[in-house]
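Heads up, the thing below is written out as structure tokens.
Given the structure is predicted, the values throughout are model-derived calculations rather than measurements.
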Amino acid sequence: MSTQLTTDSSIPVKEVYTAADLPNTTDHLPGEYPFTRGVQSTMYRGKLWTMRQYAGFSTAEESNKRYHYLLNQGVSGLSVAFDLPTQIGYDSDHPLADGEVGKVGVAIDSLEDMEKLFEGIKLEQVSTSMTINATGFILLAFYVALAKKQGADLSKINGTIQNDILKEYAARGTYIFPPKPSMRIITDIFEWCSREVPKWNTISISGYHIREAGSTAVQEIAFTLSNGKAYVKAALEKGLDINVFGKRLSFFFNAHNNLFEEVAKFRAARKMWANIMKELGATDEKAMMLRFHTQTGGSTLTAQQPMNNISRVTVQTLAAVLGGTQSLHTNGYDEALSLPTEEAARIALRTQQIVAFESGAADTADPLAGSYYVEYLTAEVEKEAWQLIEAIDAMGGSVAAIEEGFIQDEIAKSAYKYQQAIENESKIIVGVNRFVSEDNNKIPGFKIDDSIQKMQSDKLKALKERRDNGAVFKCLQRISDAALTNENLMPLVLDAVEHYCTLGEISDTLRSVFGEYR
């Protein structure tokens, strides 16, 4: 008798699947509601996914060099990583920024830093994704202010801010304000962008970090789509048009190693979101389409035998492409050890290019459709994800479920169960608990020097000495006053950054009104 196998979400896997296992579903084509098979009829025959490489470290000047390198290597979109002080609203000279400046991303304190970050890059000609949440509105203001300085047509500026605060409370932790004012800022962004930068994706509702925190594939889409519902309902309560802002919502998912479950997850998520948006009142099909960026699984990378990570990233790239992603970042093989070196970033990009141009995976839309196993898994993932969403809805939605600790507890249980499986070897990780070797391929890490903080602090001091500090005071006062009303904050924040108010000053102004989430 054979051992019972399961997917990573504990869905039982049979030895063989037949037509009897196919779910009772109508055979829709790619580009047709509910978009299970993809959001475009021709998928990659019409246009390949956007190939991004997530990058950002040290100073704006150093990151700018990496962006030019990546553009020369063939990336079709930039993806900016910000350091922790930037993510939680502290300037580089703040005591709480000590030891963290420029370490896990680039330090951006002011419009001056943004000018250096994109020097020699026309914002009208590149799509930029910014992984930023609590301070996403400030970084967007920096970006728009720079675009205006470049003389760009703002109606042509395109890209994404992650801007997903709910998953920060549940899984990641880089929040500043309590949930209610945080949701207000997000709906301000939706409203302002639909008017001023209509091609900008105003939020990237992120399952990636939920998965990195230890969730299963089923939990990843259930919790992410629940968060999406919360944002849509908040926008509807503000009186925004679902058929307008719905088109500018995007999602961000993880790709792990269980190839077929990951493909099923992406297909199920598209179908589920189309149904959710229809139920919430969307009538325009474009507002029902789940468009998503994928990043390969950071938590799947191993410090042991790190070259094995190239193979893992290749499997994950195939999962994302076969699952119909719109945009993809592939991790460097050395990222369990340090920030990626140039060589690792190049190999990661070449992995995407090989899948795109050599594998045949991009030649036809939804090539795994009709597979007995994949269609069965798609239905099972969907069924189990709906059960979780219904449980969250019964609590009053994502915000209530997060406040009650339900989502955090479910993720923690899954993470514990997964670690137990590795330790008892029921889950094999090559090079970690099986096929271990003494030679661990010592790879030189890419480290950031602590002198970066002094450089950034000196730049801030010089900026504050030469800007119009009277105008800065007035800008910050206007933001403080507006925070107590229903006035949209975005025009005031844009005005503030154009007068060279810093990220920390704007964040502190709002901290004094909204308070901090503990």
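- Using a 4.5 Å heavy-atom cutoff, the side chains of S507 and T135 are in contact.
- There is no side-chain donor-acceptor pair under 3.5 Å between K103 and Q453.
- In summary, the aromatic rings of Y208 and F253 are positioned with their centroids too far apart to meet the 6.0 Å limit.
- Stacking of K278 on the aromatic ring of Y33 is recorded, both the 6.0 Å distance cut-off and the 45° axial limit being met.
- The aromatic ring centres of F251 and F292 sit 6.0 Å or more apart.
- Side-chain atoms of D109 and S92 form a donor-acceptor pair, as typed in the model, at a separation below 3.5 Å.
- Checked against the 6.0 Å centroid threshold, F118 and Y143 count as a close aromatic pair.
- Between F252 and H293, the ring-plane angle classifies as tilted under the 30° and 60° cut-offs.
- Annotation: side chain of T187 is not in contact with side chain of Y231 (no heavy-atom distance under 4.5 Å).
- In the model, E279 has no side-chain atom that pairs as donor or acceptor with a side-chain atom of N275 under 3.5 Å.
- Side-chain contact between L140 and W200: present, with at least one pair of heavy atoms (C-beta onward) separated by less than 4.5 Å.
- For R467, the salt bridge (Lys or Arg N to Asp or Glu O under 4.0 Å) criterion is met by E505, not counting sequence neighbours.
- Taking 4.0 Å as the cut-off between side-chain N and carboxylate O, D363 and R45 do not count as a salt-bridged pair.
- The shortest side-chain heavy-atom distance between L290 and L225 falls under the 4.5 Å cut-off.
- More than 12 heavy atoms of other residues, nucleotides or ligands sit less than 6.0 Å from atom CZ of R350.
- The cationic atom of R184 (NZ for Lys, CZ for Arg) does not lie both less than 6.0 Å from the six-membered ring centre of F137 and within 45° of the ring axis.
- A donor atom on one side chain and an acceptor atom on the other are found under 3.5 Å apart for N243 and T283.
- Of the candidates T325, T131, N331, Q295 forms a side chain to side chain donor-acceptor pair (under 3.5 Å) with just one, namely N331.
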